[in-house]
Number of protein chains: 2
Amino acid sequence: MDNALDIDRVFGALADATRRDIVRRAIGGQEGVAELAGRYPMSFAAVQKHVAVLERAGLVTKQRMGRCKVVRTNSEGLSVARRLLDRYEESWRGRIDRMTELVTDTKEKDV
Amino acid sequence: MDNALDIDRVFGALADATRRDIVRRAIGGQEGVAELAGRYPMSFAAVQKHVAVLERAGLVTKQRMGRCKVVRTNSEGLSVARRLLDRYEESWRGRIDRMTELVTDTKEKDV
DNA sequence: GGCTGATACAACCGTATGGTTGTATCCATG
DNA sequence: CATGGATACAACCATACGGTTGTATCAGCC
């Protein structure tokens, strides 16, 4: 279960509005770090750090493109995240549904 | 768009293995904070803080039950989180799919 | 009312995080 | 090969976070 760390990284990476916006913007995979940085009210280095966080979480990749590096959202990484969430929500929801019945029964019994 | 903060909170709350486990355990809604705390290798207060984080994110609720408070996973909060993720993934995936075609075309042109 | 179990809260500590500025490295191009 | 644009990295600062211990509050029960 060494993916526990990765789960933390993925959710952690998504827990920041700037980073979520970077993911969205990087879907096109047309902008370099500098262009990306120009869009946010913070320094180049700060955006660079955000990109690094996303990269460690496997949500984006960087790729040389001429003289600048292009940031591109990693659809595989995203779908991994997606499957993760699905799995969680599925198992949670399954139990919740059963519990909800239980609670309803309990309430009926309660009243 | 005041839910931006909430999104941060939800993802942030999920970015910790202990908290995810608490959510899972609290689905039954049968354990008090103390029982919950007994399951993790950390102090009562630490678990209490984790529960508080989940509560602020709307993922669990606390409810009096006799002399102890029972922690219960909030299915509504969870489904809100779920919808959030769905929305993100949907918009992202939609663009990704289009972009993937684009990339494929580019590659064919490239090689 | 007073005891006691259970929860809440406050103060503190070490470390991680998000931001800054400055410097170094890299590489396409002239 | 030298220049310059673009990225990477290091050092630093403030604040947030995850954990601890200790104390206060709250509610049930005798």
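Per chain, numbering begins at 1; letters A, B, ... match sequence-line order. Atom set for the values below is all heavy atoms of this structure, side chains included, hydrogens, waters and symmetry mates excluded. These numbers were taken from a predicted model, which means no experiment stands behind them.
Atom P of nucleotide D:dT7 and atom CD of A:Glu55 are separated by 13 Å, given to the nearest angstrom. Here D:dT7 presents its C1' atom at 15 Å from CD of A:Gln63, a figure rounded to the nearest Å. As rounded to whole Å, 13 Å separates atom C1' of D:dT7 from atom CG of A:Leu36. As rounded to whole Å, 17 Å separates atom C1' of C:dT7 from atom CE of B:Met65. For the pair B:Ile22 CD1 and D:dG18 C1', the interatomic distance rounds to 12 Å; values are reported in whole Å. To the nearest angstrom, P of D:dG18 lies 12 Å from CZ of B:Arg20.
Of all non-hydrogen atoms in A:Arg64 and A:Arg67, the two that sit nearest each other are NH2-O, 3.3 Å. Taking both residues in full, the closest heavy atoms of B:Ile22 and B:Tyr40 are given as N-OH, 3.5 Å, listed atom of the first, atom of the second, then distance. Closest heavy-atom contact between A:Asp21 and A:Arg24: OD1-NH2, 2.8 Å.
For B:Met65, the side-chain contact (heavy atoms from CB on, under 4.5 Å) criterion is met by B:Val70, not counting sequence neighbours. Contacts of B:Ala15 classified as side-chain contact (heavy atoms from CB on, under 4.5 Å), with partners at least two apart in sequence or in another chain: A:Phe11. Every residue meeting the side-chain contact (heavy atoms from CB on, under 4.5 Å) condition with A:Glu31, not counting sequence neighbours, appears here in chain and number order: A:Arg25, A:Glu35, A:Leu36, A:Arg39.
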task: Can you check each nucleotide of nucleotides 25-30 of chain C against protein heavy atoms at under 4.0 Å and return B for base, S for sugar-phosphate only, - for none, in 5' to 3' order?
output: --SSS-

Sugar-phosphate or base contact per nucleotide [nucleotides 9-24 of chain C; S, B, -; heavy atom under 4.0 Å]: B--------BBBB---

Just distance, no hydrogens or angles: give the donor-acceptor pairs under 3.5 Å from side chains in residues 51-60 of chain A, sequence neighbours left out.
{"from": "A:Glu55", "atom 1": "OE1", "to": "A:Lys62", "atom 2": "NZ", "distance (Å)": "3.2"}

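In the set C:dA8, D:dA8, C:dT7, D:dA8 carries the atom at the smallest distance from any side-chain atom of A:Lys69.
Not a single donor-acceptor pair under 3.5 Å links the side chain of B:Arg19 to the backbone N or O of B:Leu14.
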